[in-house]
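So the structure is just underneath, and the comments pick up after that.
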Amino acid sequence: MPQPRFELPPQYDPRAVERRLYQRWLDRGVFTARTESSREPYVIVMPPPNITAILHTGQGLNVVIQDVLIRFERMRGREAEWLPGTDHAGIATQNVVERLVAKEGKTRFDLGRERFVERVWAFVRETGNTILEQLKVIGSSCDWSRTRFTLDDAYSRAVREVFVRLWEEGLIYRGHRVIHWCPHCLTALSDEEAESKDTDGKLYYIRYPVQGGPTPFLTVATTRPETLLGDTAVAVNPKDVRHAGFVGNVARLPIADLPIPIVADEAVDPTFGTGFVKVTPAHDATDFDIGLRHKLETPLVMTEDGRMEHPTRVPPSLAGLDRFDARVQIVDLLKELGLLEKVEPHRHAVRHCYRCDTVVEPRLSDQWFVKMTPLATPVLAAYRDDRFQIAPERWRATFEHWMENIRDWNISRQLWWGHRIPVFTCARCGEQWADRADPTQCRTCGGPVVHDPDVLDTWFSSWLWPFATFGWPERTADLARFYPGHTLVTAPEILFFWVARMLMSGYHFMEGRLPFTTVYLHGTVRDTQHRKMSKSLGNGIDPLDVVRLYGADALRWTLIAGSSLGADVILDPGDLETTFAPGRNFANKLWNIGRFILAQLPERVQPLDALDAQHLPLVDRWILSRAQGAVREATASLEQFRLDEAAKRCFDFVWKELADWYVEAVKPRLAPNSASGDAASVAAAQAVLTYCFDVALRLLHPVVPFITEELWQKLPGRTADELLAVAQWPVALDAWGDAAAEVQFALVQDAIAAMRNLRAEYRVSPKARVGAVLTSKTREAQRAFEGERETIVRLAQLQVLRFDGRRAADTGAYAVLADGSEVFVALSDAIDVQQECRRLSGELTRLDQQLAGLIGKLANQQFVARAPAEVVAKEREKERAWRDQRQGLADKLRSLGCS
RNA sequence: GGGCGAAUAGCUCAGCGGUUCAGAGCGCCUGCCUUACACGCAGGAAGUCGGGGGUUCGAAUCCCUCUUCGCCCACCA
């Protein structure tokens, strides 16, 4: 008896291998792309997580998809560059540190700008790389040698260069307008950063006294009564005949007790509310526009942190009140004054800060904007020209609509953590310019300069990620090699924040070369109630918990196999076992297939091309052909970003085909002292097993890299320094495709299944060996059955298998196969003629029904005339086979003497 | 107010260039510790493919409509 080459435990333990293998990959530098390589590059830049983030399942999904793609292309021989890094995340990070400072009873203003920023840096240095370390735990094959941070010196130079260039091109301007303001974060936000949420609010109908109008009062409707203190007009639609008489009159603003004009303006929707609109130019974007048209004052009646304040308009009783408290007070006051007509429930969209969820306050201020139309236009054209694709395609309309209606981008943030806006203003002559360096005096008059205090929107740095990470604006070798990239994998939430802007910056600054060819938008990870997983809901799953309990491969398997292109992934945080056990079980299955195969193999195994197909048993030709199919289909699926399809195809090949059929069929050949185990046959079986398992491991490696690497290295002929991570992706070998073998072996499987079914039906003990007779319908079937006689005997647990059709002496059970071949299993002890009659007539009835339908179809002239000839021929063939089956069943029934 | 997506076995999902497509995993039922694996093996039950209408020889699969969820966009305060 040969000594097994390995002693492996029967259960796969991920903890024993993952850390070691990851280190091995790192040590061998297989994730590091070589600038000087002559291979065709394949580049993915990772969406940089926030520097303070810890890994959550959504990022897990994002990262695993990228890892599958990058590992696939790496094995296909591309110079694979997956660039990782982190984002300084201005608002989010500043908020985190402000909370820390608050615990010491201080604010950032107590520390001052310089010390506060230093404090943030210290925090970032201390905790900043947590998430990158976590990415390693789940197997991410990133090029860590090129890790970037959006506040690195080199990266900051790129940001500044971009700002200055845009300034010089006249695409950056100072805008005086109503923007989204977060009273908690104390900064302006872009349109994208102010998320609208449908909210149940109230619509307040408020009476304003009118001097000399048609009626003593007019009534406005508003959802934000507190802003009335900032009203400078009441407006009606010029076409609104109901209210035409009011235009030109003066209303009396309640509480503030000021006269305000009544004006006519197109922006008013006469069908909403009463048709009268209060106009608050400093706290509403539409009202600001109305104000411009009518030359209205623009008083701000709130502080930056959302408290009521104005020297004349806000009465002392309300001054300093939070806007929502003020709302209550003002409504009470109006009630007392008899000016509150009614209050209605009203559902409407309310903007919230995407970082702290505070209700955003529209606020008039001065901010820096980027003109977006010139940047968006060529990208939109390129998209329509198919120069890049968004997968899934259904995002097209959304993307195009946004690009067509793009609005200028507010890029200034009133924060301290971030890239300082490089705009300088002369205190003496007022000269203002953007500078690549920090000037000490005015470039025209030599006067003292003031540096703009604000920082740039975080996204103003991350939109440069595909080229700033490779050294732009320097003309580096890396930039030449790895720009443009190929696939961008991300969640749809940041399509506008990030993806669209990267396309624009790439086009604009890289001579019209777009940063990638495919944008892959994956789904969102949700719980079983379809709620997004989030910290605040407490419905998250910690990927590291999953790794600890089930292994990284199990996590990856569930995420990949569980999500088709762009679809959401539903996971059950309350039942990790159900959610992740399938992946763990699959890994364990692979492990045990490997354990069995490895135990059968000698030091040297013949290569596939040493085998002669002519002399191989049917089952060998079958599995080799199936292997080619698996290679072809898995590869095609990966190329189409159908990672789930690829994973499932490999799963079926290795479990349903290789393990359940081939391994079981081949066991007797491999058994020591087996009659059928002649040397050539054993060697062939070993070669086939080795080849098929090798192929399976390669195909599965992108999805489950750890267990496949671990097993692959143990295959015969592997040298110590070979790694699956950089092994060659399999190619389908036409020579081993064998359609006939697939058809023939399917008959064998059919026969075995029928026998097993009959045994189970009659409760024959699995240990009992029975006799069986197979009567072939066709010569092809006969060859298949005879060739795989031993397989049938073994897998159907037979005592004896005859093909001669003589079975007169035995009682037993019958079945007819799809091709009309007949199966008889001798069950003299167990058989119950009554039961058999019932069973067979049931079969017959079912078959008759099917047949009747089919005959009807073929009798239909329309079908025969209009359906493709192929289809009709197929149906005719089917009819013939079913008639044969029917005949067989009828014969059995007669021979059993059933009534 | 627009636009998009989803509704298929108890659960999570494939299938959607029309004609063995009614599937997988989990769960369930019956047997099995068959010397790779009980995280396993063999067998089985289970869905009028959300409702209605239409096109067609033929529809989970195309068209229309309704219902229920979810998402995105939008200056009706």
Side-chain angles (χ1 to χ4, degrees), chain A residues 8 10-12 178 196 203 220-224 227 235 267-273 276-280 284-290 346 348-349 362 392 394-398 401-402 405 492-493 495-496 523-524 526 528 530-532 550 554 558 561-564 566-572 575 577-579 581-600 644-645 648 651-652 656 659-660 663-664 667 753 756-761 763-767 794-797 818 850 857 860-868 870-872 874-875 878:
Chain A
L8 301 176
Q11 225 166 63
Y12 172 59
V178 173
S196 38
L203 192 57
V220 301
T222 181
T223 54
R224 297 191 299 152
T227 63
V268 178
D269 176 357
T271 65
F272 184 88
F276 287 110
V277 177
K278 59 189 277 308
V279 180
T280 322
D284 185 283
T286 310
D287 292 1
F288 179 74
D289 293 339
I290 295 175
H346 182 62
H348 63 135
R394 71 178 127 89
W395 287 97
R396 175 174 291 277
T398 306
H401 180 261
W402 188 80
N405 297 286
E493 290 103 271
L495 178 59
F496 304 136
T524 307
R526 300 175 184 280
T528 46
H530 293 204
R531 298 178 306 178
K532 200 166 160 176
Y550 301 95
T558 294
S563 69
S564 66
D568 286 348
V569 181
I570 311 296
L571 303 177
D572 188 349
D575 189 356
E577 181 69 16
T578 298
T579 309
R584 176 202 58 193
N585 295 353
F586 179 49
N588 195 237
K589 185 70 183 182
L590 269 180
W591 179 255
N592 276 289
I593 295 167
R595 225 157 63 92
F596 173 80
I597 292 177
L598 291 170
Q600 310 303 319
D644 59 320
E645 274 183 8
K648 283 170 186 158
F651 175 95
D652 283 340
K656 299 297 150 191
D660 286 353
V663 166
E664 290 306 325
K667 273 178 179 172
R756 285 170 167 172
N757 176 297
L758 291 175
R759 294 177 59 114
E761 195 100 23
R763 313 230 173 277
V764 177
S765 156
K767 290 206 168 77
R794 178 181 153 73
L795 297 189
Q797 290 285 87
Q850 283 186 322
K857 193 178 198 177
N860 184 335
Q861 286 308 307
Q862 299 279 36
F863 172 71
V864 178
R866 300 198 187 191
E870 265 180 37
V871 172
V872 177
K874 228 180 198 170
E875 297 293 300
K878 206 180 345 181

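All figures in this text were calculated on a predicted structure; none of them were measured in a lab. Just so we're on the same page: letters track the sequence lines, and every chain starts at 1.
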G44(B) versus G5(B) - spacing of their P atoms, nearest Å: 39 Å
If each of Q11(A) and V277(A) is mapped to the nucleotide of RNA chain B with the nearest heavy atom, which maps nearer the 5' terminus, i.e. the 5' end? Q11(A)
Considering only the C1' atoms, how many Å lie between A24(B) and C33(B), rounded to the nearest integer? 27 Å
Tell me the closest heavy-atom pair linking P10(A) and N588(A), and the distance in Å. O-ND2, 3.9 Å
Sorted by chain and number, sequence neighbours left out, salt bridge (charged side-chain N to carboxylate O under 4.0 Å, His left out) with R756(A) holds for none
Please list, chain by chain and in numerical order, all residues satisfying side-chain hydrogen bond (donor to acceptor under 3.5 Å, both in side chains) with D660(A), sequence neighbours excluded. none
With R394(A), which residues qualify under salt bridge (charged side-chain N to carboxylate O under 4.0 Å, His left out), at least two apart? none
Not counting sequence neighbours, which residues clear ring-ring contact (aromatic ring centres under 6.0 Å, His included) with F651(A)? List them please. W557(A), F586(A), W655(A)
For a 4.5 angstrom cut-off between non-hydrogen side-chain atoms, does Y550(A) reach T579(A)? no
For A587(A), which contact category applies under a 4.0 Å heavy-atom criterion: base, sugar-phosphate, or nothing? nothing
Heavy atoms under 4.0 Å is the rule here; annotate nucleotides 42-47 of chain B 5' to 3' with B where the base is hit, S where only the sugar-phosphate is, and - elsewhere. SSS---
Hey, could you give me the CG/CG distance between D289(A) and D284(A), rounded to the nearest 0.5 Å? 9.0 Å
Looking only at atom P, what distance separates A22(B) and G47(B), rounded to whole Å? 14 Å
Do any N or O atoms of the protein come closer than 3.5 Å to N or O atoms of nucleotides 30-32 of chain B, and which pairs are they?
unit_1 : atom_1 : unit_2  : atom_2 : d
U30(B) : O2'    : R763(A) : NH1    : 3.3

To the nearest Å, how far apart are N592(A) CG and C37(B) P? 6 Å
Taking only the C1' atom of each, what is the distance from A42(B) to U56(B) in whole angstrom? 44 Å
Using the C1' atom on both, measure A6(B) against A46(B) and round to a whole Å. 24 Å
With D652(A) via side-chain hydrogen bond (donor to acceptor under 3.5 Å, both in side chains) - residues at least two apart: none
Same-atom distance (P) from C64(B) to G17(B), integer angstrom: 16 Å
Mark up nucleotides 68-74 of chain B, 5' to 3', with B wherever a protein heavy atom is under 4.0 angstrom from a base atom, S wherever such an atom reaches only the sugar-phosphate, and - elsewhere. ----SSB
Looking at residues at least two apart in the chain, or sitting in another chain, which of them share a side-chain hydrogen bond (donor to acceptor under 3.5 Å, both in side chains) with D568(A)? R526(A)
Residues which pass ring-ring contact (aromatic ring centres under 6.0 Å, His included) with H348(A), listed by chain and number, not counting sequence neighbours: H346(A)
If you measure from the C1' atom in C26(B) to the same atom in C69(B), how many Å do you get, rounded? 24 Å
Taking every non-hydrogen atom, the tightest pair across D644(A) and A561(A): CB-O, 4.0 Å
Convert the base pairs of RNA chain B into dot-bracket notation, remembering that pairs crossing earlier ones are written with [ ] and that bases paired across to another strand are shown as |; include only Watson-Crick or G-U pairs under 3.5 Å. ((((((((.[[[[.).......]]]].(((((.......))))).....(((((.......))))))))))))....
Would you classify Q797(A) as touching base, sugar-phosphate or nothing, given that sugar-phosphate means primed atoms plus P, OP1 and OP2, and contacts are heavy atoms under 4.0 Å? nothing
The salt bridge (charged side-chain N to carboxylate O under 4.0 Å, His left out) partners of D572(A) (sequence neighbours excluded) come to none
Students often get this wrong, so: under 4.0 angstrom with heavy atoms, is A221(A) touching a base, only sugar-phosphate, or nothing? base
Could you tell me how far A59(B) sits from U19(B) if I compare only their C1' atoms? Round to whole Å. 10 Å
Sugar-phosphate only, base, or nothing, as touched by V663(A) at under 4.0 Å among non-hydrogen atoms: base
Rounded distance (nearest 0.5 Å) linking atom CD of E577(A) with atom CZ of R584(A): 4.5 Å
Between atom CG in D572(A) and atom C1' in C11(B), what is the gap in whole Å? 9 Å
Is there a side-chain polar atom (N or O) of K667(A) under 4.0 Å from OP1 or OP2 of U34(B)? no
Check the distance between G10(B)'s C1' and D575(A)'s CG and give it to me in whole angstrom. 14 Å
What's V220(A) touching, base or sugar-phosphate or nothing? Going by heavy atoms closer than 4.0 Å. nothing
